[in-house]
Amino acid sequence: SQTIHQWPATLVQPVGSPLSLECTVEGTSNPNLYWYRQAAGRGLQLLFYSVGIGQISSEVPQNLSASRPQDRQFILSSKKLLLSDSGFYLCAWSAYRGLNEQYFGPGTRLTVT
Amino acid sequence: GEDVEQSLFLSVREGDSSVINCTYTDSSSTYLYWYKQEPGAGLQLLTYIFSNMDMKQDQRLTVLLNKKDKHLSLRIADTQTGDSAIYFCAERLSGYSTLTFGKGTMLLVSP
């Protein structure tokens, strides 16, 4: 069966510090991968998605970046965090083909102080 | 354009039925999904429906799709306190690999 992992689960970082959040998927090959941010208003904002190694599509201009160094690894980064980067970050995967239903990881709670 | 809208809050009593509504604007939607999010957790896929279907039933869950009105609903029969969560509807447009989510409906089930 497929599983998706995210770490860390929670993170408190000062403004201006770097960020690296990691997401890995097990039990599937060539998944589509997604990063979302969920702010206090509860809505989900799609940040990045990837259909293959090294292929990243950015949905929203911001000071975040994403990378996919391996087939089942997706990393969200920032060089300098802003207060507005606080939120709940969710990684998701979907199969390369088919219904494209997305399966979500447990999330990372980021607080920028 | 693509937009998915949901009411923000629904309160029901345990044992009653809950109906969560969603509207979408893009007629090229191919699949529509319902997700559940419990506090502090990721989203859990509950069910989905193809755009050429009117209804889908899965145990206590019934999804109704009115494609003419672009209206999707999720009915939960015999609602339990464990059903308290935020429910998101999402649509997938033809030819796209991304989903567009609504802002979520918070369902509160009281004993």
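Every chain is numbered from 1, with letters handed out A, B, ... down the list of sequences. Side-chain atoms are counted along with the backbone in the values below, which use heavy atoms only and exclude waters and symmetry mates.
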Participant: Would you mind telling me which of A:Glu101, A:Gln102, A:Arg109 has the largest number of heavy-atom pairs within less than 4.5 Å of chain B?
Facilitator: A:Gln102
Participant: Select one option (side chain, backbone, both, neither) describing which atoms of B:Thr105 are under 4.5 Å from chain A's heavy atoms.
Facilitator: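 Just its backbone gets close to chain A.
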Participant: Under a plain distance cut-off of 3.5 Å, with no hydrogens placed, do B:Glu91 and B:Thr100 share a side-chain donor-acceptor pair?
Facilitator: no
Participant: So among B:Asp83, B:Leu46, B:Val19, which one has a side chain to side chain contact (heavy atoms under 4.5 Å, CB included) with B:Ile76?
Facilitator: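 With B:Ile76 as partner, B:Asp83, B:Leu46, B:Val19 yield a single side chain to side chain contact (heavy atoms under 4.5 Å, CB included), made by B:Asp83.
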Participant: Using a distance-only test with no angle check, is there a side-chain donor-acceptor pair under 3.5 angstrom linking A:Tyr34 and A:Ser94?
Facilitator: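 A donor-acceptor contact under 3.5 Å links the two side chains.
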Participant: Quick one: what part of B:Gln37 sits under 4.5 Å from any heavy atom of chain A, side chain, backbone, both or neither?
Facilitator: side chain
Participant: Is it the side chain or the backbone of B:Leu43 that comes within 4.5 Å of chain A heavy atoms, both, or neither?
Facilitator: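 The answer is both parts of B:Leu43.
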Participant: What orientation do B:Tyr33 and B:Tyr48 show, parallel under 30°, tilted 30 to 60°, or perpendicular over 60°?
Facilitator: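 Geometry flag for B:Tyr48 against B:Tyr33: tilted rings.
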